[in-house]
Amino acid sequence: MQRRKFLEALKAGNKAEAFEAADDIPANPLLDCTIGTMIAARYGRRNVLKGTLGVSAAVSLFGASAFTAPRHAHAAAPTALSRYAFGELDWGIDETHHVAAGYDADILLRWGDPVTAGAPEFDVMNQSAEAQLQQFGYNNDYIGFLPLNAEGTRGLLCVNHEYTNEEVMFPGLGRQDKAGFAGMTRELADIEMAAHGGSVVEIARGTDGKWTVVRGSRLNRRISPLNTVMAVSGPAAGHSRLQTSADPSGREIIGTLNNCAGGMTPWGTWLMAEENFHGYFWSDETGTDGEPDASGHPEAPKLRRYGAPGNWYAWGKYHDRFDIRKEPNEVNRFGWVVEVDPLDPFSTPVKHTALGRFAHEGAEATLSADGRLVIYMGDDARFEYLYKYVSNGSVSQDRAANSRLLSDGTLYAARFGPEGTLLWLPLVHGQGPLTAGNGFAGQADVLVDARLAADALGATPMDRPEDVSPRGDGTAFVMLTNNSKRTPGQTDAANPRPGSDFGHIIEIKEDGGDHAATRASWSILVQCGNPAIAAVGAQWNPETSENGWFGSPDNCAFDAEGRLWVATDQGRKWDRTGKSDGLYGLETEGALRGHSKLFFRCPAGAELCGPYFTPDNETLFLAVQHPGTDGTRNLQGFERDSTFEDPATRWPDFNPAMPPRPSVVVVTRQGGGKIAV
């Protein structure tokens with residue numbers, strides 16, 4: 001039924017609803033910088049004091065407001081002192097962005113801005129793939145920052161470009177005209193491909209405290225699924241299931257796509273996580289149920305387990321490798337974590353198969369007690385799993401040797417016990433059910449089919465595990481965005497609410513404070529949503545104001561002070577809260593544990609991604625993605641789908657000739673100084 005809704009929405013040209021319907025499809029059939037800088041910034045030990053969660057006093061239920069001043073009700077000042085020293089922003093939703101008083105939130109990079117030396121200026125009415133390959137891509141998501149000098153006033157931004165919204169990218173291609181991709185052409189598809197991938201951009205901070213792009217830097221680079229050659233490492237490299245007519249070796253892949261969150265390694269490389277890769281593969285045949293037909297594919301059941309073909313884009317009409325019938329193995333070449341060396345613009349990115357193939361949301365790195373590399377990863381789909389990877393060797397000063405750690409280690413999936421215990425299950429061929437008799441001929445099959453391996457091991461199906469932020473004391477915080485499809489009979493201790501539109505956040509404490517441990521304890525930090533509505537089942541610190549509670553946690557980050565910041569992604573369901581997506585400071589310890597404060601909010605229809613702090617904590621980078629698209633039918637005063645000609649907002653340019661443009665925002669304190677300190 002959900003796949004039928006997806007197809008109907010897609011044929012009607014409603015991309016936002018199609019994406020949401022696709023996200024609702026339960027794919028799991030079981031349920032229908034430098035090393036020194038990084039350690040200094042992220043791995044200091046801190047005591048964790050647990051408090052109690054509560055529900056704030058009832059306030060009246062509100063509706064969404066558009067382009068008007070928000071209604072708000074302030075709670076009394078917290079009796080305990082918040083570690084987030086800023087005046088809380090009022091909630092609301094309108095056509096622009098807002099930041100807490102005393103801070104500037106400036107636009108640093110926009111879709112189409114020149115990146116590489118000699119790149120043309122952006123011409124939205126005459127865009128080409130050639131130009132887009134030299135310009136900042138679309139829908140910026142993860143942001144990493146690699147300092148280039150000791151002062152931290154020069155550095156490289158590493159930015160993922162997750163996906164594209166054609167209806168607001170291209171003139172004359174409104175949703176009402178897009179029945180069955182009828183409005184798409186090879187030229188437009190190639191521009192879309194060029195707008196995916198990622199950007200490396202050198203930036204500098206002037207004496208006035210403002211950051212600017214270093215135009216023409218030799219380190220500036222664009223990465224795309226159109227023309228960037230990538231190597232393959234790990235157990236699946238060269239395997240027959242990765243071999244194609246264009247690459248019979250199975251060791252050279254063109255491009256990366258749907259790069260959502262990611263991470264930076266201790267040695268200063270960038271990890272790009274490939275998320276919803278299944279949506280890019282297509283078939284022009286449909287089954288009797290109206291779904292894209294994969295029945296002729298040699299691995300049809302495995303394709304269905306991963307949701308392919310998704311038919312989200314028309315690329316398969318023009319590029320055979322995205323047609324599952326013409327190139328049946330190409331789909332196995334995506335869904336990995338890609339490592340990029342930002343310091344070498346001519347280096348070949350590497351897809352590390354040892355980290356498993358699934359809808360990767362994030363690849364946040366930390367160190368074990370004995371210096372091994374640990375990477376936490378979520379599989380962002382309903383009823384999917386939480387993973388971590390632990391290298392066999394330890395991180396050293398040898399960058400080349402460090403990268404090899406990503407090919408030699410163990411991938412684990414998490415099983416959450418009902419009494420607050422957690423067991424990390426190794427995805428290792430020959431152990432337990434991961435044998436040839438169960439369809440896993442070797443370690444390559446275990447990793448290519450990581451979801452099926454986790455199924456077999458009995459990992460815990462979660463409510464869309466997204467970003468995971470580890471802290472140096474063996475603690476990690478898991479963002480669980482939502483799961484409206486979980487029924488009362490499918491709840492468990494770690495996913496306690498049926499039909500949750502709002503999500504929750506879990507704290508994991510690894511045994512012995514060691515991120516490489518195979519056992520841990522867990523607890524729920526907050527259950528998101530409106531605490532004034534009993535049926536929602538929200539749990540916050542009782543001193544959280546009406547401005548401070550949120551729904552659908554997604555990306556997250558620790559700052560240099562060891563404080564957790566959470567960005568939200570409500571999709572088109574933002575009307576469940578009436579709030580735009582934003583950034584919140586969330587207390588994790590002490591008397592205010594579970595207390596949240598709103599610091600930044602997005603323009604209408606946008607999602608907030610990327611939060612990343614410079615090591616000195618004086619700059620915060622934010623990614624505002626797909627402005628003017630999500631849920632605009634519910635936006636009072638607009639109440640229709642956005643198009644290029646008629647968007648809900650023209651943020652950030654507010655130029656009548658320019659559509660909305662996904663952009664990177666840089667936040668600094670007026671007059672200088674650390675953020676929220």
Side-chain angles (χ1 to χ4, degrees), residues 15-16 18-20 22-23 97 107-113 115 122 124 127 129 132-133 135-144 157-170 173 188-189 191-199 201 222-226 255-262 272-277 279-280 310 312-313 315 359-362 380 466-467 554-555 567-572 581 602-612 621-632 642 644 647-653 658-665:
K15 191 66 165 287
F19 275 20
E20 185 67 28
D23 204 22
H97 67 277
I107 307 301
L108 180 65
L109 276 162
R110 302 162 298 177
W111 165 50
D113 283 351
V115 168
F122 186 48
V124 72
Q127 185 69 325
Q132 181 65 83
L133 285 170
Q135 299 164 338
F136 196 64
Y138 204 80
N139 275 347
N140 33 226
D141 197 291
Y142 174 79
I143 299 175
L157 276 190
C158 303
V159 185
N160 285 352
H161 300 298
E162 185 180 0
Y163 67 97
T164 50
N165 295 92
E166 306 99 315
E167 68 276 8
V168 290
M169 284 181 70
F170 303 126
L173 198 66
L188 294 181
I191 294 171
E192 282 189 305
M193 294 176 72
H196 278 66
S199 296
V201 183
R222 276 300 323 280
I223 293 167
S224 86
L226 191 60
T256 179
L257 47 79
N258 207 257
N259 303 99
C260 197
M272 305 174 70
E274 296 182 326
E275 194 188 26
N276 293 312
F277 64 93
Y280 296 79
W312 290 3
Y313 292 91
W315 298 4
H360 284 274
E361 172 79 22
D380 183 13
E466 298 214 35
D467 215 353
D554 185 343
N555 294 151
T568 65
D569 173 18
Q570 302 168 100
R572 65 184 179 88
D581 283 316
C602 291
E607 163 194 353
L608 189 66
C609 307
Y612 203 98
F621 299 106
L622 300 172
V624 174
Q625 186 180 112
H626 57 74
T629 63
D630 273 358
T632 58
S642 284
F644 180 95
T649 176
R650 294 188 182 274
W651 184 91
D653 301 314
M658 189 69 70
R661 300 168 73 180
S663 301
V664 171
V665 177

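Every value quoted in this text rests on a predicted model; they were computed, and no experiment measured them.
Looking at every heavy atom in both residues, N160 comes nearest to A273 through ND2-N, 4.2 Å. Across P660 and P662, no two heavy atoms sit closer than the pair O-CD, 4.1 Å. A567 and L608 make their closest contact through CB-O, 3.5 Å (heavy atoms, listed as atom of the first residue, atom of the second, distance). Taking all atoms of both residues into account, the shortest heavy-atom contact from A194 to L226 is CB-CD2, 4.3 Å. Across all their heavy atoms, Q135 and V115 have their closest contact at C-CG2, 3.7 Å. Here the shortest heavy-atom pairing between P659 and F644 reads CG-CE1, 3.5 Å.
Ring geometry for Y280 against W315 counts as tilted: the plane angle lies between 30° and 60°, on a 0 to 90° scale.
The main-chain N or O of F136 is never found under 3.5 Å from a side-chain atom of R222 such that the two would form a donor-acceptor pair. At least one donor-acceptor pair closer than 3.5 Å links the side chain of D569 to the backbone N or O of G571. S663 contributes no side-chain N or O that, together with a main-chain N or O of I107, makes up a donor-acceptor pair within less than 3.5 Å. Judged by distance alone, the side chain of S642 and the main-chain N or O of A648 form a donor-acceptor pair under 3.5 Å. Of the possible polar contacts, one joining the N139 side chain to the Y163 backbone as a donor-acceptor pair under 3.5 Å is found.
From C260, atom SG reaches atom CD of E466 across 6.5 Å, with rounding to the nearest 0.5 Å. Remark: D581 CG to D630 CG distance equals 8.0 Å, nearest 0.5 Å. Rounding to the nearest 0.5 Å gives a distance of 7.0 Å between CD1 of I191 and CE of M169. Here CG of D380 is found 4.5 Å from CD of E275. Values are rounded to the nearest 0.5 Å. Here Q127 contributes atom CD and L188 contributes atom CG; the two are 10.5 Å apart, rounded to the nearest 0.5 Å.
Side-chain contact between N259 and E162: absent, with no pair of heavy atoms (C-beta onward) separated by less than 4.5 Å. A 4.5 Å side-chain heavy-atom check between F170 and E192 finds at least one atom pair inside the cut-off. Between W312 and N276 the shortest side-chain heavy-atom distance falls below 4.5 Å. Under the 4.5 Å side-chain criterion, counting only non-hydrogen atoms from C-beta, I223 is in contact with T256. Contact check for T164 versus Y313: side-chain heavy atoms found under the 4.5 Å cut-off. No side-chain heavy atom of W111 sits less than 4.5 Å from a side-chain heavy atom of H161. At least one side-chain heavy atom of E607 sits under 4.5 Å from a side-chain heavy atom of H626. Using a 4.5 Å cut-off on side-chain heavy atoms (C-beta onward), F122 and M658 make contact.
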- Query: Between N555 and E361, is a side-chain hydrogen bond (donor to acceptor under 3.5 Å, both in side chains) present by the stated rule, with each step listed?
  - Reply: CA-CA 9 Å; N555 294 151; E361 172 79 22; 3.1 Å; yes
- Under the side chain to side chain contact (heavy atoms under 4.5 Å, CB included) criterion, do D141 and Q625 qualify, and how do the steps go? CA-CA 7 Å; D141 197 291; Q625 186 180 112; 3.0 Å; yes
- Item | Pair R661-D113, side chain to side chain contact (heavy atoms under 4.5 Å, CB included): steps then yes or no | CA-CA 10 Å; R661 300 168 73 180; D113 283 351; 3.3 Å; yes
- side chain to side chain contact (heavy atoms under 4.5 Å, CB included) assessment of Q132 paired with Y138: CA-CA 9 Å; Q132 181 65 83; Y138 204 80; 5.8 Å; no
- Do Y612 and L157 pass the side chain to side chain contact (heavy atoms under 4.5 Å, CB included) test, and can you show the C-alpha distance, the side-chain angles, and the key distance before you say yes or no? CA-CA 10 Å; Y612 203 98; L157 276 190; over 6 Å; no
